[in-house]
Participant: 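Input: one structure, supplied below.
In what follows, chains carry the letters A, B, and so on, assigned in the order in which the sequence lines appear, proteins first and then strands, with residues in each chain numbered from 1. The shown structure was predicted, so the numbers you read here are calculated from the model rather than taken from an experiment.
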Amino acid sequence: MEKSYDPKQVETRWYRTWSERGYFHASTAAEGRPYVIVIPPPNITGSLHMGHALNNTIQDILVRWRRMQGLNALWVPGTDHAGIATQNVVEKQLLAEGSSRDKLGRDRFVQRVWDWKAQSGGTIIEQLKRLGSSCDWDRLRFTMDDGLSKAVREVFVRLHEDGLIYRGKRLINWCPRCLTALSDIEVEHEDTTGKLYHIRYPLADDPSTHLTVATTRPETMLGDTAVAVHPEDPRYNRLIGKSVALPLTTRRIPIVGDPILVDREFGTGAVKITPAHDFNDFEAGERHQLSRISILDRHACFDPLGLQEAAVIEELRGKIIMLPTAEARTIIVDYLRQQGLLAKVEDHAMALGKCYRCKTVVEPYLSPQWFVKIQPLADPAIKAVESGQVRLIPEQWTNNYLGWMRDIKDWCISRQIWWGHQIPAWYCRNCNAEAILETTVPKSLTITSEARPIVARTAPAHCPDCGQHDFVRDPDVLDTWFSSALWPFSTLGWPDHTPELKKFYPTSTLVTGFDILFFWVARMIMLGLKFMGQAPFQDVYIHALVRDAEGQKMSKSKGNVIDPLQVMDKYGTDALRFTLAAMASPGRDIKLSEERIEGYRNFANKLWNAARFVLMNLEGPLAEAPLADRPIADRWIMSRLHRCIGDVNRSLEAYRFDEAANAAYHFIWHEYCDWYLELTKPALADKDSQQAALTRTTLGESFETVLRLLHPLMPFITEEIWQAIPHTGESIMVAPYPSQNTALIDEDIEHQIASVTSVVSAARNIRGSQGIAPSRALHAAVATPTAACKAALTAHQDLIASLARISTLVIDTDVRPYMNGASASVVFPGGSVGILYVDLTGLIDVGKEKTRIEKRLKELAAQMEQDDKKLSNPDFVAKVPPDVLKKTKARHEECRAEHDKLSGELQRLRETAGGSA
RNA sequence: GGGCGGAUAGCUCAGUUGGUUAGAGCGCUGCCUUUACACGGCAGAGGUCACAGGUUCGACCCCUGUUCCGCCUACCA
């Protein structure tokens, strides 16, 4: 075995072996209670980032742990077609080739995306394998597979049949770059400083007076259909029922009273109402039966027809036609200013909505879309969480979830893109001639909200109304999250009654980030309850976001991404996995740093070298004996090991991966390696002794157990070592997970060894402070506080002597200090304190000690001189921050104290040296 | 505006159903080439647990308020 662990070849070799031997596969016929996790399907456009690494490490820990516990563990893998994201990627490629999706046409474009998927869509899967993910790859699914597509259609049709899906012309969030509708949660809000424009609207009856409105979007005023004031506002309420002449148009619009829309304190207390371009105004428009004038087109540019409908004055119309809003705004504001209608412009903090895929500012846009009526689905999903049927971990997310669900809005599920599940709705051309608008250049199809769709699993043969069979299919596709919402049952074969569905639904645990709690988790619960009658999972473990060392969200544009693949190359997969697990404390983001990973790489190496020690010492006969008859160190380590086993299992049970990792780390490094391996050395010294044979047995057994305990966290290195030491079974992956045997926990023995280590540490402390080389043996005595302590130490005198290198050791309740000696206190379990005395006679190398002290005195003098200079400088004292001054003074005092002490010691040394020489 | 989380050693973070001396990793200091490991060993320094009150025999922990930092959410046009 090499001196250090080399992960590379180990990882690929074992992953291949596990895979070939079928360990990842879970059979419906297998015995054992099922334990099931469905993967949050990564986008096919994705490449493994730290978020994936964390998410999948946690899932793999759970699955490996449960599998070793004997459960029928299934981890269903798959990928998501990621509608807009994937379409964007392929469109970018086309652009680079000088082509576009319009040039290609729908069918060829979709084929192109499939080609892209065949070529690049599997990258992330291979990367998940690098991470050691023990997914059942035989069950790999894709959200646009035939089976899953069938499930999507089935759900759509059934929801439609139940009246839970409808089509309507509504105001939705529109991305003018992606040219599609977005759901509310696909809009990200970003704080910006905008302007609040105060605009005078002259009263229709009396143009000399006016009502001033405040708006952040002056350009949409052309689409105003009313002005609202508060009905109880004495400034304005007498105007309700009158009208204003809408500037820049030839229209008159009414003044209405609306206590919901208007906040008297804000702006001027008068609000323009633009129902086609603002969500609040849309609702206000409904309340007052106002018409909606849509003045923007799908690119968020001024639309000729809309401007005409809005009766915009000819002169302005010519200037802003087809212009984007930002440019038109300047022109419109100029016009208002010229006409003396711009009363004031002030800065105003506001949140701008942006497309979560491309960061373009979204536009509220009036268009026909498909919606899911969500309330009837949300109610049971609320109850499922309230009742504890579904448990969110950490619990704090429960309130977030409930709050959102209780205030949920209908879900806009149609997207005007091509890559995705096309909506299973058809329109009879004959019956909907007026409502189907087709243009050839560019080729586009608009179906107005008046059209009557026929929703069906497959294309209808005849129109039920007219009997003809000339149909056009709804061009829209479904929101990507619609198919993900079915993931826990669609992947298991639904709507067919498969054995998988019967055996593995509902699943056990969902592991996910909080960023998709609403996008995904909530919708899975709703649709799982609706179609399976059971929530799709019991536990939802919600992990943190992985950030960089400064706490910034990792992003390519910031250039602060730590690439998990590079980390795995450099430090090994096990080190990365262990780091992520150890840092996954609940309710807190993970600030990942390379140093931390390096630290756990060192841990892997420590384990590796412990293995070398074990292997080296396993040569020789073994002896079987009950634990009670084995050496004390063996009984001690088994006791400690089983405490650790209990801790790790309990932690995993509670999803405390950080605690599990830390318990294992601390035990292995600081108990097993630091103490146990050292304690075995005296016993193993005489290879042929019975004691050595017994110790070898424990050494092998305990180490083998340690590896199994650690396997879910560090799968590769544990397998590699396990195969090299005595074991039963063909792979650690399918070996039983250690379970705590409380009979092996022996508090008395733990106390005995704690006493031993306490004395040893005290002796080392004295060596350290007195500068006594480890090679020099000591004469020492321990004054024990009680007879029991004395007995415990006396029984293990040989261990103490060997670990602390003490040649003569006196242990008694009453011992006297040495004439020329040093002492240190020894704390016994329970808190009683004894004293260790060490005889220093002849141990201190006077020359060396003198040099050491002189060197240190020089350092101190230099420091003191520097500080003196500072402190005697009035400028320094006056201007420096108080804490710095305080620190400087404190340091100065410390230096002086140490200097005095060392000077005294040096003096004494000189005297004694002089006397003896 | 509402909600949630955080503030503990130089840095990154654990922690406590309230109980002797608050822990870890990294970093730092000193010693050690002792055949498992220098990706190591041993020893050590370093903390008024954000601030101010309160409850309690006792508070890092519970309560109230304040400040700062994150995030989520929201129609102040």
Side-chain angles (χ1 to χ4, degrees), chain A residues 1 3-5 184-185 189 194 196-197 213-217 220 228 260-274 278-284 348-351 364 394 396-397 399-400 403-404 407 514-515 517-518 544-545 547 549-553 571 575 579 582-583 585-617 656 658-659 662 665-666 669-670 673-674 677-678 681 760-775 803-805 824 827 831 852 856 894:
Chain A
M1 267 173 107
K3 256 190 171 183
S4 60
Y5 170 60
D184 291 341
I185 50 179
H189 293 272
L196 191 62
Y197 299 83
V213 303
T215 179
T216 54
R217 300 201 56 195
T220 64
I260 300 170
L261 183 67
V262 181
D263 172 358
R264 277 178 284 178
E265 310 300 316
F266 185 82
T268 60
V271 190
K272 69 193 205 52
I273 302 182
T274 323
D278 183 280
F279 288 100
N280 295 315
D281 294 8
F282 181 87
E283 283 170 25
H348 178 63
M350 50 190 272
Q396 67 196 61
W397 288 104
N399 279 336
N400 254 337
W404 188 74
D407 190 33
F514 62 81
D515 48 336
L517 186 59
F518 304 137
L545 227 56
R547 296 171 183 281
E550 272 75 52
Q552 299 281 317
K553 205 168 174 173
Y571 299 105
T579 307
M583 295 184 83
S585 41
R588 197 147 173 163
D589 286 343
I590 296 179
K591 288 188 202 154
L592 194 65
S593 68
E594 205 165 315
E595 291 75 40
R596 194 70 184 257
I597 302 166
E598 200 179 331
Y600 289 118
R601 186 271 319 265
N602 295 351
F603 174 59
N605 200 50
K606 186 75 180 175
L607 188 72
W608 183 255
N609 280 292
R612 293 177 60 216
F613 177 87
V614 171
L615 267 176
M616 188 183 298
N617 286 292
R656 290 302 304 264
D658 56 330
E659 285 182 354
N662 284 324
Y665 179 96
H666 189 269
W669 198 314
H670 299 299
C673 291
D674 285 354
L677 294 186
E678 296 303 321
K681 284 177 183 174
V760 171
S761 292
R764 288 170 175 169
N765 186 324
I766 290 173
R767 274 185 196 278
S769 60
Q770 299 297 328
I772 304 166
S775 52
L803 291 178
R805 206 173 163 83
V827 181
R852 187 182 73 82
R856 179 68 185 150
E894 281 167 24

Participant: Which nucleotide, B:rG41, B:rA36, B:rC39, lies nearest any side-chain atom of A:Ala610?
Facilitator: B:rA36

Participant: I want to confirm an ordering. Mapping A:Asn609 and A:Met583 to their closest nucleotides on RNA chain B, which one lands closer to the 5' end?
Facilitator: A:Met583

Participant: Minimum heavy-atom separation for A:Asp674 to A:Lys606, with atom names?
Facilitator: OD1-NZ, 4.5 Å

Participant: Checking only heavy atoms, does the side chain of A:Lys3 share a donor-acceptor pair with the base of B:rC37 at less than 3.5 Å?
Facilitator: no

Participant: My validator wants the stems of RNA chain B: runs of 3 or more consecutive Watson-Crick or G-U pairs, both distances under 3.5 Å, written as range with range.
Facilitator: B:1-7 with B:67-73, B:10-13 with B:23-26, B:28-32 with B:40-44, B:50-54 with B:62-66

Participant: For the P atoms, the ones on B:rC62 and on B:rU16, what distance do you get once it is rounded to whole angstrom?
Facilitator: 10 Å

Participant: Would you name the heavy atoms of A:Ala610 and A:Leu677 that are closest together and state the gap between them?
Facilitator: CB-CD1, 4.0 Å

Participant: Counting side-chain heavy atoms from C-beta on, which of B:rC39, B:rA74, B:rG40 comes nearest to A:Ala351?
Facilitator: B:rA74

Participant: Between A:Ala228 and A:Leu261, what is the shortest heavy-atom contact and its length?
Facilitator: CB-CD2, 4.0 Å

Participant: What integer distance in Å separates A:His189:NE2 from B:rC71:P?
Facilitator: 15 Å

Participant: B:rA77 P sits how many Å from A:Asp278 CG, rounded?
Facilitator: 9 Å

Participant: Tell me which pairs pass salt bridge (Lys or Arg N to Asp or Glu O under 4.0 Å) where either residue lies in residues 763-774 of chain A, with sequence neighbours left out.
Facilitator: none

Participant: Would you say A:Arg217 places a side-chain N or O within less than 4.0 Å of OP1 or OP2 belonging to B:rC75?
Facilitator: no

Participant: Under 4.0 Å between a side-chain N or O of A:Ser761 and OP1 or OP2 of B:rA43?
Facilitator: yes

Participant: Is the backbone N or O of A:Lys3 less than 3.5 Å from a side-chain atom of A:Asn609, with the two atoms forming a donor-acceptor pair by type?
Facilitator: yes

Participant: Indicate for each nucleotide in nucleotides 17-25 of chain B, in 5' to 3' sequence, whether protein heavy atoms under 4.0 Å reach the base (B), only the sugar-phosphate (S), or nothing (-).
Facilitator: --------S

Participant: Calculate the interatomic distance between A:Asn400 atom CG and B:rG2 atom C1'; express it in whole Å.
Facilitator: 12 Å

Participant: Among B:rA43, B:rC39, B:rG15, find the nucleotide with the atom closest to the side chain of A:Arg764.
Facilitator: B:rA43

Participant: Which nucleotide in the set B:rC39, B:rA36, B:rA77 lies at the smallest distance from any side-chain heavy atom of A:Phe613?
Facilitator: B:rA36

Participant: Using the P atom as the reference point in each nucleotide, state the distance between B:rU12 and B:rC4 in Å, no decimals.
Facilitator: 26 Å

Participant: Picking from A:Asn280, A:Thr215, A:Thr220, what satisfies side chain to side chain contact (heavy atoms under 4.5 Å, CB included) with A:Thr274?
Facilitator: A:Thr220

Participant: In whole angstroms, how far is the C1' atom of B:rG3 from the CG atom of A:Asn399?
Facilitator: 9 Å

Participant: What is the distance, to the nearest angstrom, from the CG atom on A:Asp658 to the P atom on B:rU12?
Facilitator: 18 Å

Participant: Check A:Ala214 against A:Gly267 and note the closest heavy-atom contact, atom names and distance.
Facilitator: CB-CA, 4.1 Å

Participant: Across the strands shown, which category fits A:Arg264 at heavy-atom distances under 4.0 angstrom: base, sugar-phosphate, nothing?
Facilitator: nothing

Participant: Using only side-chain N and O atoms of A:Lys681, determine if any of them is under 4.0 Å from OP1 or OP2 of B:rA36.
Facilitator: yes

Participant: What interatomic distance, in whole Å, is found between C1' of B:rU8 and the corresponding atom of B:rG15?
Facilitator: 9 Å

Participant: Between A:Asn765 (side chain) and A:Ser761 (backbone), is there a donor-acceptor pair under 3.5 Å?
Facilitator: no

Participant: Whole Å only: how far is the CZ atom of A:Phe518 from the C1' atom of B:rC72?
Facilitator: 8 Å

Participant: On RNA chain B, compare the nucleotides closest to A:Asn617 and A:Ile260; which residue's is nearer the 5' end?
Facilitator: A:Asn617

Participant: Give A:Asp674 one of three labels, base, sugar-phosphate or nothing, depending on what nucleic acid heavy atoms sit under 4.0 Å from its own.
Facilitator: sugar-phosphate

Participant: Parallel, tilted or perpendicular: which fits the ring planes of A:Trp608 and A:Tyr5, with parallel below 30° and perpendicular above 60°?
Facilitator: tilted

Participant: In whole Å, measure the gap between the P atoms of B:rA50 and B:rC60 for me.
Facilitator: 10 Å

Participant: Answer with base, sugar-phosphate or nothing: what part of the nucleic acid does A:Leu196 contact at a heavy-atom distance below 4.0 Å?
Facilitator: nothing

Participant: Excluding sequence neighbours, so at least two apart, what forms ring pair (Phe, Tyr, Trp, His ring centres under 6.0 Å) with A:Phe266?
Facilitator: A:His348

Participant: Using the side-chain heavy atoms of A:Asn602, tell me which of these nucleotides is nearest: B:rG40, B:rA77, B:rU12.
Facilitator: B:rG40

Participant: What nucleic acid atoms does A:Glu678 come within less than 4.0 Å of, heavy atoms only: base, sugar-phosphate, or nothing?
Facilitator: base

Participant: Can you sort out the partners of A:Tyr197 under ring pair (Phe, Tyr, Trp, His ring centres under 6.0 Å), two or more places apart, ordered by chain and number?
Facilitator: none

Participant: Ignoring hydrogens, what is the shortest heavy-atom contact between A:Val262 and A:Gly269? Give both atom names and the distance.
Facilitator: CG1-O, 3.4 Å

Participant: To the nearest Å, give me how far apart CZ (A:Arg601) and C1' (B:rC26) are.
Facilitator: 13 Å

Participant: Taking any heavy-atom pair under 4.0 Å as a contact, classify A:Gly269: base, sugar-phosphate, or nothing.
Facilitator: base

Participant: Taking atom C1' in both B:rG10 and B:rU29, compute the distance separating them and give it to the nearest angstrom.
Facilitator: 14 Å

Participant: Which value, in whole Å, describes the distance between the C1' atoms of nucleotides B:rA9 and B:rG2?
Facilitator: 37 Å

Participant: Can you list the residues that meet the side-chain contact (heavy atoms from CB on, under 4.5 Å) rule with A:Tyr665, with sequence neighbours excluded?
Facilitator: A:Phe578, A:Tyr600, A:Phe603, A:Trp669, A:His670

Participant: Look at all strands and tell whether A:Leu677 reaches a base, only sugar-phosphate, or nothing, counting heavy atoms closer than 4.0 Å.
Facilitator: base

Participant: Side chain of A:Asn765 only, heavy atoms from C-beta on: which candidate in B:rA38, B:rA77, B:rG44 is closest?
Facilitator: B:rG44

Participant: Without decimals, in angstroms, what is the distance between A:Trp669 CH2 and B:rC39 P?
Facilitator: 11 Å

Participant: Measuring only the C1' atom in each nucleotide, how far is B:rC57 from B:rA14? A whole number of Å is fine.
Facilitator: 29 Å

Participant: Choose from B:rA77, B:rU12, B:rC75 the nucleotide whose nearest atom is closest to any side-chain atom of A:Asn280.
Facilitator: B:rC75

Participant: Give me the distance, rounded to whole Å, that separates B:rC28 from B:rA7 when you measure between the C1' atoms they each carry.
Facilitator: 24 Å

